[in-house]
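Single-structure report; data block below.
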Amino acid sequence: MPSALETTLDDARPFLLNLVEEAGAIVMRYFRRPVETLHKVGADIVTTADHESERHVADAIRSRFPDHAIYAEEGSVGADDSPFRWAIDPLDGTVNYASGVPLFAVAISLMHEGEPVLGAILDPTRSDLYFAERGRGATCNGQPLHVSATADLFNSLVYVSAFGFRRPNLVAPLSRTMERLGPRTRNLVNLGSAGISWAYVAAGYLDLELSFAVDPYTGPAGILLVREAGGRATDLQGNEWRPGMGQVVTSNGRVHDEALELLRD
C-alpha cells in the first residue's frame, strides 16, 4: 500500500509542473509593460506581477491541498500545521524583471518534514522548466541534467550574489570573498536571480555558486536541483545544507572542497 508521501507525490508532481507554468504565464503578461513597483528592503522590490503570480499559486495549492502549509515570499499562508509545506517565490529576480532584463524565474517546491522532495524553477523567457524530485534526478524540459565536469577552481565560472553590498553586515565578508575568489577563477558573475543560478549549476553552465543570504522561498527548489543533478550544497563550514541555513555553497562537487578551503582561510 502506498505511503502518504508516495500518494501525495503522485498527485503533486503533475500539479506542480502545471502550476509553475501558469505562474510563468502571469509573470510574462506584465513583462516590459508598466507595472507598479514598491521598495521592500535594501535593493529588493516587489511588483504587481509578484503579487498576482503568488496569489494564483497559493489559491491553487489551498484548493488542491487544503491541509498543506504554505511559505511564500509575499505572505500567502495555508494550513497552520502540516508535514507538507510549499515554498513559493512568485518572481525571483524582480530587480531584473522591473528593469526589462530577461533573467528571472518562478520557483515552487514541496517540502516534507522540512526537506524538499519536489522542486521546479521556470525561466519563462526561455521556456526552460527545471524540475527535480528527491532520489529521482533533475531535468530541464524533460531532459536529464548533470553538473559540469570542471575539475579545478581556476577554470570555474562562479556565481556570487552581490545583493550583500546593500546590506551593511555583509559588505565586508562579501568583499573579502570576491577578492579571494576573483583571481582564482575563470570569472565571477551575478545573474540577479538565485533560482537561475542554481538551475545553471545543475545544468553544468556554472561550476560554483555562493550565497550569503539564502532566499528561503527559492532555496529548497534550487538546492534540490543541484543535488539531484549530482552536485553538492553545504554551508561555508562544509555541513550539508538544510532549509533555514543562511548561507550556501553549491557546486559540481569537484571544486567544492577547494572553494571551501579558500573561503575558510
Side-chain donor or acceptor of Glu228 paired with backbone N/O of Gly137 under 3.5 Å: yes
Carboxylate-amine/guanidinium contact Asp152 Arg186, below 4.0 Å: no
Residues, nucleotides or ligands: over 12 heavy atoms within 6.0 Å of Asn141 CG: yes
Main-chain N/O of Thr250 paired with Arg232 side-chain donor or acceptor, under 3.5 Å: no
Donor-acceptor contact below 3.5 Å, side chain Arg227 vs main chain Ala233: yes
Arg180 side chain to Ser175 backbone, donor-acceptor under 3.5 Å: no
Plane angle bin for His112 and Phe84 - parallel if under 30°, tilted between 30 and 60°, otherwise perpendicular: tilted
Euclidean distance, Ser109 OG relative to Leu225 CG, rounded to 0.5 Å: 10.0 Å
Steps toward side-chain contact (heavy atoms from CB on, under 4.5 Å) verdict (Trp86, Leu16): CA-CA 10 Å; Trp86 295 83; Leu16 171 57; 4.1 Å; yes
Interatomic distance, Ser53 atom OG to Ile26 atom CD1 [nearest 0.5 angstrom]: 5.5 Å
Hydrophobic cluster partners of Met111 (side-chain heavy atoms under 4.5 Å): none
By side chain to side chain contact (heavy atoms under 4.5 Å, CB included) - contacts of His146 (at least two apart): none
Spatial distance of atom CZ (Arg55) from atom CG (Asp50) [nearest 0.5 Å]: 11.0 Å
Sequence-distant partners of Phe154, ring-ring contact (aromatic ring centres under 6.0 Å, His included), two or more places apart: none
Neighbour count >12 (heavy atoms, 6.0 Å) for atom CG, Asn239: yes
Distance (rounded to the nearest 0.5 Å) between Leu110 CG and Phe65 CZ: 7.5 Å
side-chain hydrogen bond (donor to acceptor under 3.5 Å, both in side chains) assessment of Asp67 paired with Ser82: CA-CA 7 Å; Asp67 57 339; Ser82 171; 5.6 Å; no
Lys/Arg N to Asp/Glu carboxylate O, Glu133 vs Arg13, below 4.0 Å: yes
Qualifying residue, where the test is side-chain contact (heavy atoms from CB on, under 4.5 Å) with Leu91 and the options are Tyr97, Phe31, Tyr30: Tyr97
Presence of salt bridge, Asp11 and Arg64, under 4.0 angstrom: yes
Side-chain donor or acceptor of Asp207 paired with backbone N/O of Leu157 under 3.5 Å: yes
Sidechain-backbone polar pair: Ser63 side chain, Asp59 backbone, donor-acceptor under 3.5 Å: no
Salt-bridge criterion met for Arg184 and Glu179 (N-O under 4.0 Å): no
Check: Ser148 main-chain N/O paired with Arg254 side-chain donor or acceptor under 3.5 Å: yes
